[in-house]
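This report concerns only the one structure given below.
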Amino acid sequence: MWVPLDGDKFLCVAQARPTTAPTAHPEDVVGSEVDSDDHPQLRRAMDESRICREEDPRWHLGVPVRRETIPVRLGDHVIAVLSRSTNLAVPRVPSPLEISYLGSAADLCQMIADGTFPAPEPSPDVHTSPRVGDGLIRLDPSGAVVFASPNALSAYHRMGHASDLVGVHLAPLTRSLIGDPFDATEVAQRIRQALDGQPSMRMEAESRRGAAVLFRSLPLRPRGQAAGAIVLCRDVTEVRRRDRALMSKDATIREIHHRVKNNLQTVAALLRLQSRRLSNPEAKEALAESVRRVTSIALVHETLSMSVDERVDLDDVVDKVIPMMGDVAVTETQVSVRREGGFGIVPAEIATPLVMVLTELVQNAFEHAYAPGQRGEVVVHSERSAKWLDVTITDDGKGLPQGFSLERTDRLGLQIVRTLVDSELRGSLSLRRRPRGGTEAVLRVPLRGRR
């Protein structure tokens with residue numbers, strides 16, 4: 001496709017090469033400029049608003065090429081020119097398929113020059129572009145099939161039509177093959193509308209035998225004269241079967257997450273019941289920590305049970321965990337917890353260990369940074385880049401004890417954190433004193449290489 005520039009020049013803005021024949025332009029032409037002396041047919045097509053064909057071939061890069069130019073009309077103006085170059089170096093006898101394709105293409109090119117193709121559509125579908133593998137059916141003005149490509153025959157055979165299509169009126173035949181009455185009527189109506197000059201959007205229908213086929217009808221009206229229509233059909237049966245299988249798999253996975261969440265909530269409830277029967281404060285505290293850990297994991301599975309792609313909005317999970325941490329803090333201290341920044345969407349494989357690490361670090365700050373009744377604030381700050389997720393958990397408490405070492409600590413919570421960071425998250429963690437008092441936990445988790 002060429003667009004006119006000042007100074008009688010043209011700029012190439014798009015290029016398409018054949019997939020089943022030698023190309024006349026092995027080089028990339030997009031972005032190049034030519035003038036009327038190099039390609040006089042471009043200016044002729046612009047000035048005369050008609051398709052121009054060269055009588056004699058020209059040599060291009062040692063290959064004989066015949067060129068044709070088609071004006072692209074918008075309303076009363078020609079806004080661009082299409083050029084078609086045919087490589088004549090390999091002479092061959094065209095097949096009936098190629099002859100039919102060339103005839104249909106000639107009608108469509110004339111409609112481009114007329115300004116009637118492509119037709120304006122009120123709600124264009126970006127997925128309607130034809131493909132090389134689409135079946136092509138050419139209809140005469142009465143709606144009878146005059147040509148059907150092998151892929152079109154295959155699609156109709158799969159729908160349940162065993163014989164040839166040539167000579168058959170396509171609209172009633174297609175209507176009889178489709179299972180759903182509404183879809184059958186709609187597809188047949190769109191084929192008839194194309195014969196009347198009205199283009200249609202893509203539509204999918206399923207036959208009585210379970211074959212799924214995409215249909216699209218294009219009217220052929222070169223120079224305003226009815227020349228029939230083109231019906232494109234694409235067999236997508238296997239694609240839809242895979243889609244249904246994936247949907248079933250996704251539904252099964254979500255159901256598993258839902259059941260795991262329910263089971264974890266049951267475990268947490270049983271631990272709470274057990275805790276109420278105990279009088280030993282240390283035992284009650286240990287059970288309370290277990291309840292918190294189980295509940296954190298259950299929140300992740302609850303989120304996954306509503307996800308369709310095994311990914312977790314960690315901000316949503318953390319916003320549910322933080323109030324739970326705050327409720328624990330209110331009973332023992334006057335400490336609040338606040339989140340800054342965003343965690344974003346993370347894969348399920350790191351969601352559970354990451355939430356566990358965050359809850360353990362926040363709980364550790366509640367238990368060890370403040371004396372009973374002391375006021376304070378714990379801040380969970382996160383920053384995300386293309387490669388890393390950086391999380392900082394700070395408190396304004398009494399700070400780390402002298403000689404503290406994360407590697408040698410005997411606290412169960414920190415041992416869990418260190419194990420999860422090393423084995424599950426493949427990240428790094430450090431605890432250090434803040435210059436103005438308190439403790440700062442710095443967690444870095446790699447994101448690159450994850451789904």
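Note that the structure is predicted; figures quoted are calculated from it, not measured.
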**Report entry** Full working for side-chain contact (heavy atoms from CB on, under 4.5 Å) between Leu414 and Leu361
**Finding:** CA-CA 8 Å; Leu414 291 180; Leu361 291 175; 4.2 Å; yes
Query raised in the report: Does the pair Val72 and Val81 meet the rule for a side-chain contact (heavy atoms from CB on, under 4.5 Å), with working shown?
Result: CA-CA 5 Å; Val72 180; Val81 179; 5.8 Å; no
Report task. Decide yes or no on side-chain contact (heavy atoms from CB on, under 4.5 Å) for Val337 and Val362, but give the supporting numbers first. Result -> CA-CA 8 Å; Val337 59; Val362 172; 4.3 Å; yes
Requested in this report: Go through the steps to decide whether Arg338 and Glu340 satisfy the test salt bridge (Lys or Arg N to Asp or Glu O under 4.0 Å), and finish with yes or no.
Outcome: CA-CA 7 Å; Arg338 175 169 55 90; Glu340 294 179 349; 2.4 Å; yes
Report task. Evaluate the side-chain contact (heavy atoms from CB on, under 4.5 Å) criterion for residues Leu358 and Val391: first the C-alpha distance (whole Å), next the side-chain angles of each, then the deciding distance (0.1 Å), finally the verdict. Result -> CA-CA 9 Å; Leu358 294 177; Val391 183; 3.7 Å; yes
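Judged purely by distance below 3.5 Å, without hydrogens or angles, the side chains of Asn151 and Ser149 never pair a donor atom with an acceptor atom. If you check the side chains of Ser104 and Arg138, you find a donor sitting under 3.5 Å from an acceptor. Side-chain N/O atoms of Asp114 and Thr116 include no donor and acceptor closer than 3.5 Å. Between the side chains of Asn364 and Glu360, no donor-acceptor pair of N or O atoms lies under 3.5 Å. A donor-acceptor pair shorter than 3.5 Å cannot be found between the side chains of Ser83 and His39.
Nearest heavy-atom pair across Ala194 and Pro219 is O-CB, 3.1 Å. Closest approach of Asp422 to Gly427, counting heavy atoms only: OD1-O, 4.2 Å. Minimum heavy-atom separation, Ala205 to Ile178: CB-CD1, 3.7 Å. The minimum heavy-atom distance between Leu425 and Val445, with the atom names listed, is O-CG1, 4.0 Å. Residues Ala298 and Gln265 approach most closely at CB-CG, 4.3 Å, considering heavy atoms. Closest approach of Leu195 to Ala229, counting heavy atoms only: CD2-CB, 3.9 Å.
The backbone N or O of Leu170 lies less than 3.5 Å from a partner atom in the side chain of Thr174, making a donor-acceptor pair. No donor-acceptor pair under 3.5 Å is formed between the side chain of Glu377 and the backbone N or O of Ser336. The backbone N or O of Val294 sits nowhere less than 3.5 Å from a side-chain atom of Arg292 that would complete a donor-acceptor pair. Distance alone, capped at 3.5 Å, places no donor-acceptor pair between the Asp390 side chain and the Arg444 backbone. For the pair Ser176 (side chain) and Leu173 (backbone), a donor-acceptor distance under 3.5 Å is present. Under the 3.5 Å distance criterion, the side-chain polar atoms of Arg208 are left unmatched by any main-chain donor or acceptor of Asp180. Ser200 places a side-chain N or O within 3.5 Å of a backbone atom of Ser217 that can act as its donor or acceptor partner. With hydrogens and angles ignored, the 3.5 Å screen pairs no side-chain donor or acceptor of Arg234 with any backbone N or O of Asp134. Formation of a donor-acceptor pair under 3.5 Å by the Asp37 side chain with backbone atoms of Pro40 is not found in this model. Looking at Ser154, its side chain never comes within 3.5 Å of a backbone N or O of Pro150 through a donor-acceptor pair.
The environment of Arg17 atom CZ is dense: over 12 non-hydrogen atoms of other residues, nucleotides or ligands sit within 6.0 angstrom. Residue-environment remark: CZ (Arg259) stays at or below the threshold of 12 foreign heavy atoms within 6.0 Å. The local environment of CG in Asp28 is crowded, with over 12 non-hydrogen atoms from other residues, nucleotides or ligands closer than 6.0 Å.
If you take NZ on Lys9 and CG on Asp35, they are separated by 4.5 Å, rounding to the nearest 0.5 Å. Within the model, atoms CZ of Arg221 and CG of Asp107 stand 12.0 Å from one another, a figure rounded to the nearest 0.5 Å. The SG atom of Cys233 lies 14.5 Å from the CE atom of Met203; values are rounded to the nearest 0.5 Å. A distance of 12.5 Å separates CZ of Arg44 from CD1 of Ile51, quoted to the nearest 0.5 Å. For the atom pair CZ of Arg240 and CG of Asp243, the computed distance is 5.5 Å after rounding to the nearest 0.5 Å. Remark: Leu139 CG to Ile191 CD1 distance equals 7.0 Å, nearest 0.5 Å.
The pair Arg158-Glu238 meets the salt-bridge criterion, since a charged nitrogen lies less than 4.0 angstrom from a carboxylate oxygen. Ionic pairing of Asp196 and Arg192 is not present here: no N-O contact between side-chain nitrogen and carboxylate oxygen is shorter than 4.0 angstrom. Between Glu407 and Arg418 there is no salt bridge, since none of the side-chain N atoms of the basic residue sits less than 4.0 Å from a carboxylate O of the acidic one.
When side chains are defined from C-beta on, Leu82 counts as touching Ile112, because their heavy atoms get closer than 4.5 Å. Between Leu220 and Leu108 there is a side-chain heavy-atom pair separated by less than 4.5 Å. Residues Arg190 and Gln198 are not in side-chain contact: their nearest non-hydrogen atoms beyond the backbone lie 4.5 Å or more apart. Side-chain contact between Leu447 and Trp388: absent, with no pair of heavy atoms (C-beta onward) separated by less than 4.5 Å. Counting heavy atoms from C-beta on, the side chains of His161 and Leu177 come closer than 4.5 Å. Side-chain contact between Arg175 and Thr185: present, with at least one pair of heavy atoms (C-beta onward) separated by less than 4.5 Å. Proximity of Ile393 to Val442: side-chain heavy atoms (C-beta onward) are nowhere separated by under 4.5 Å. Put simply, the side chain of Leu354 reaches to within 4.5 Å of the side chain of Leu389, judged on heavy atoms.
Each of Arg66, Glu68, Gln41, Arg67 was compared with Arg53 under the side-chain contact (heavy atoms from CB on, under 4.5 Å) criterion, and only Glu68 meets it. For the pairing with Phe147, the side-chain contact (heavy atoms from CB on, under 4.5 Å) check across Ile99, Val166, Leu136, Ile137 returns one residue only, Leu136.
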